[in-house]
Colleague: 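The structure is given below, and queries will be raised subsequently.
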Amino acid sequence: KKSQKTENGNNDSRIPRDRLFSRFQEMKSYVEWTADDALRITQLRPILAAHTSLLVDDFYSEIKRHPEAMKVITGGETQIRQLKITLHEWLEQLLHGQYDNDYYCRRWQVGRRHVEIGLEQIYTHMALARLRDGLIAILAREWEGTPDALARAVRSLNKLLDIDLAIIQDAYEFEYLQRERELERKR
């Protein structure tokens, strides 16, 4: 099996490349993701991109209110500043319109990283729910098109966020199971 080489150069031979990409296609098929959805997301970009700083600030303000989520942030404000940059990049990629295998690999790494730092899955779900709520609130407030067009745009955004969460969850489960198997072998 081929190993998965990520954009940042990480190489993980435990991840079968064909499995990753076939799962990605399955996820997109399951939610009926289309080229029209991708186009709608790119059309949302100018509206949403103007507000990403507010979303990112809200995201980390909320994390600070939850000690269990905060315990994985061990580098204080310096780390939070770096994580804010990373979240800005994540949002930019979300709205970019290219939902290819590289996109999938970047999202996979998010789930993997969450396992590495010991973040409980519940916080990934809740954080994405908070981002979703913020994105939709911005659209509701700033939208200048028809209500039907807004409904289609929100549906596309929801599909994409659900795909992202599924990728992150899949990576999280894969990595967690790998770690459990390694621990079992060592016993």
Side-chain angles (χ1 to χ4, degrees), residues 1-45 48-49 52 55 59 86-136 139 148-185:
K1 294 181 181 177
K2 293 180 183 176
S3 65
Q4 175 58 51
K5 186 146 182 150
T6 63
E7 186 176 81
N8 64 7
N10 290 340
N11 193 10
D12 188 342
S13 59
R14 298 173 306 169
I15 305 169
R17 185 180 187 94
D18 55 343
R19 175 189 178 271
L20 285 180
F21 300 145
S22 66
R23 297 234 344 142
F24 186 36
Q25 296 309 313
E26 176 65 20
M27 289 174 192
K28 290 192 293 188
S29 173
Y30 199 93
V31 297
E32 299 179 346
W33 177 259
T34 67
D36 289 339
D37 290 310
L39 179 61
R40 278 191 283 276
I41 297 297
T42 61
Q43 292 168 343
L44 297 178
R45 188 176 183 188
L48 296 173
T52 56
L55 289 169
F59 184 93
T86 302
L87 183 55
H88 272 284
E89 291 169 356
W90 184 89
L91 286 164
E92 176 65 25
Q93 292 164 4
L94 183 81
L95 302 173
H96 194 263
Q98 289 187 297
Y99 308 106
D100 56 12
N101 293 339
D102 287 338
Y103 179 88
Y104 184 90
C105 288
R106 287 189 300 270
R107 289 339 202 212
W108 178 273
Q109 290 304 320
V110 171
R112 186 169 178 215
R113 182 68 182 133
H114 287 160
V115 172
E116 289 173 358
I117 64 172
L119 182 66
E120 294 180 47
Q121 287 178 320
I122 189 171
Y123 296 109
T124 302
H125 288 268
M126 294 301 95
L128 197 56
R130 189 167 188 90
L131 284 171
R132 180 190 313 262
D133 188 53
L135 290 164
I136 292 172
L139 288 176
D148 284 345
L150 175 60
R152 286 190 300 276
V154 168
R155 185 166 182 251
S156 294
L157 180 61
N158 280 329
K159 286 181 188 182
L160 182 57
L161 290 170
D162 289 341
I163 291 168
D164 264 43
L165 184 57
I167 295 167
I168 293 166
Q169 177 73 26
D170 193 37
Y172 198 106
E173 288 176 16
F174 180 87
E175 190 67 26
Y176 181 80
L177 288 173
Q178 291 290 68
R179 288 169 185 253
E180 288 294 309
R181 287 180 188 128
E182 288 172 20
L183 286 174
E184 278 297 312
R185 275 184 249 143

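Source: prediction; values computed, not measured.
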Colleague: Quick check on Ile122: does its CD1 atom have over 12 non-hydrogen neighbours (other residues, nucleotides or ligands) under 6.0 Å away?
Modeller: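 Counting neighbours around CD1 of Ile122, 12 or fewer heavy atoms of other residues, nucleotides or ligands fall under 6.0 Å, so no.
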
Colleague: Where is the tightest heavy-atom contact between Ile41 and Leu95, given as atom of each residue plus distance?
Modeller: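 Looking at all heavy atoms of both residues, the shortest contact is CG2-CA, 3.7 Å.
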
Colleague: Taking all non-hydrogen atoms of both residues into account, name the closest pair between Ile167 and Arg107 and its distance.
Modeller: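 Shortest heavy-atom contact: CG2-CB, 3.5 Å.
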
Colleague: For a side chain to side chain contact (heavy atoms under 4.5 Å, CB included) check, start with the C-alpha distance between Asn158 and Ile136, then their side-chain angles and the critical distance, and finish with the verdict.
Modeller: CA-CA 9 Å; Asn158 280 329; Ile136 292 172; 3.7 Å; yes

Colleague: Would you say the side chain of Phe24 lies within less than 4.5 Å of the side chain of Asp100, judging by non-hydrogen atoms?
Modeller: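 Counting from C-beta outward, Asp100 and Phe24 never come under 4.5 Å.
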
Colleague: Roughly how far apart are Glu89 CD and Thr86 OG1, rounded to 0.5 Å?
Modeller: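 Between atom CD of Glu89 and atom OG1 of Thr86 there are 5.5 Å.
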
Colleague: Would one find more than 12 heavy atoms of other residues, nucleotides or ligands at under 6.0 Å from atom OH of Tyr123?
Modeller: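 For Tyr123, atom OH is crowded (more than 12 foreign heavy atoms under 6.0 Å).
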
Colleague: How are the rings of Tyr99 and Trp33 set relative to one another: parallel (under 30°), tilted (30 to 60°) or perpendicular (over 60°)?
Modeller: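 Correct class here is perpendicular.
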
Colleague: Tell me, with the steps shown, if His114 and Glu175 meet side chain to side chain donor-acceptor pair (under 3.5 Å).
Modeller: CA-CA 10 Å; His114 287 160; Glu175 190 67 26; over 6 Å; no

Colleague: So which atom in Gly111 and which in Ala171 form the shortest heavy-atom distance, rounded to 0.1 Å?
Modeller: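 The pair with the smallest heavy-atom distance is CA-CB, 4.1 Å.
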
Colleague: Before accepting this row, confirm whether a basic side-chain N of the pair Arg113/Glu116 lies closer than 4.0 Å to the acidic partner's carboxylate O.
Modeller: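 Looking at Arg113 and Glu116, the cut-off is met.
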
Colleague: How long is the straight-line distance from CD of Gln25 back to OG of Ser22, given to the nearest 0.5 Å?
Modeller: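 Result: 8.5 Å between the selected atoms.
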
Colleague: Checking salt bridge (charged side-chain N to carboxylate O under 4.0 Å, His left out) for the pair Arg106/Asp164: CA distance, chi angles, key distance, verdict?
Modeller: CA-CA 10 Å; Arg106 287 189 300 270; Asp164 264 43; over 6 Å; no

Colleague: Walk me through it: do Glu184 and Arg181 pass the test salt bridge (charged side-chain N to carboxylate O under 4.0 Å, His left out)?
Modeller: CA-CA 5 Å; Glu184 278 297 312; Arg181 287 180 188 128; over 6 Å; no

Colleague: Would you call Arg40 and Leu44 a side-chain contact if the rule is heavy atoms closer than 4.5 Å?
Modeller: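 The answer is no; the side chains never approach within 4.5 Å.
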
Colleague: So which atom in Asp170 and which in Arg23 form the shortest heavy-atom distance, rounded to 0.1 Å?
Modeller: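 The pair with the smallest heavy-atom distance is OD1-NH2, 2.7 Å.
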
Colleague: Calculate, to the nearest 0.5 Å, the distance between atoms CG and CD belonging to Leu91 and Gln93 respectively.
Modeller: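 CD of Gln93 is found 9.5 Å from CG of Leu91.
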
Colleague: Taking it one step at a time, do Met27 and Tyr104 satisfy side chain to side chain contact (heavy atoms under 4.5 Å, CB included)?
Modeller: CA-CA 11 Å; Met27 289 174 192; Tyr104 184 90; 4.1 Å; yes

Colleague: I want to check something: taking the side chain as every heavy atom from C-beta on, are Leu94 and Leu131 in contact at a cut-off of under 4.5 Å?
Modeller: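 Leu94 does not reach Leu131 side chain to side chain.
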
Colleague: Ignoring hydrogens and geometry, is there a side-chain-to-backbone donor-acceptor pair from Thr52 to Leu48 under 3.5 Å?
Modeller: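 No.
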
Colleague: Out of curiosity, Leu160 CG to Lys28 NZ, how far, rounded to the nearest 0.5 Å?
Modeller: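 Leu160 atom CG to Lys28 atom NZ measures 10.0 Å (nearest 0.5 Å).
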
Colleague: Apply the test side chain to side chain donor-acceptor pair (under 3.5 Å) to residues Gln169 and Glu173: give CA-CA distance (whole Å), side-chain angles for both, the deciding distance (0.1 Å), then the verdict.
Modeller: CA-CA 6 Å; Gln169 177 73 26; Glu173 288 176 16; 2.6 Å; yes

Colleague: With rounding to the nearest 0.5 Å, note down the distance linking CG in Asp133 to CZ in Arg130.
Modeller: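 That separation rounds to 8.0 Å.
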
Colleague: Got a second to check how far Phe174's CZ is from Arg179's CZ, nearest 0.5 Å?
Modeller: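 Between Phe174 CZ and Arg179 CZ, I get 11.5 Å after rounding to 0.5 Å.
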
Colleague: Return the minimal non-hydrogen interatomic distance between Asp37 and Glu32, and the atom names on each side.
Modeller: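 It is OD2-O, 3.4 Å.
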
Colleague: Just do the side chain to side chain contact (heavy atoms under 4.5 Å, CB included) check on Leu165 and Thr124 with the steps written out, would you?
Modeller: CA-CA 8 Å; Leu165 184 57; Thr124 302; 4.3 Å; yes

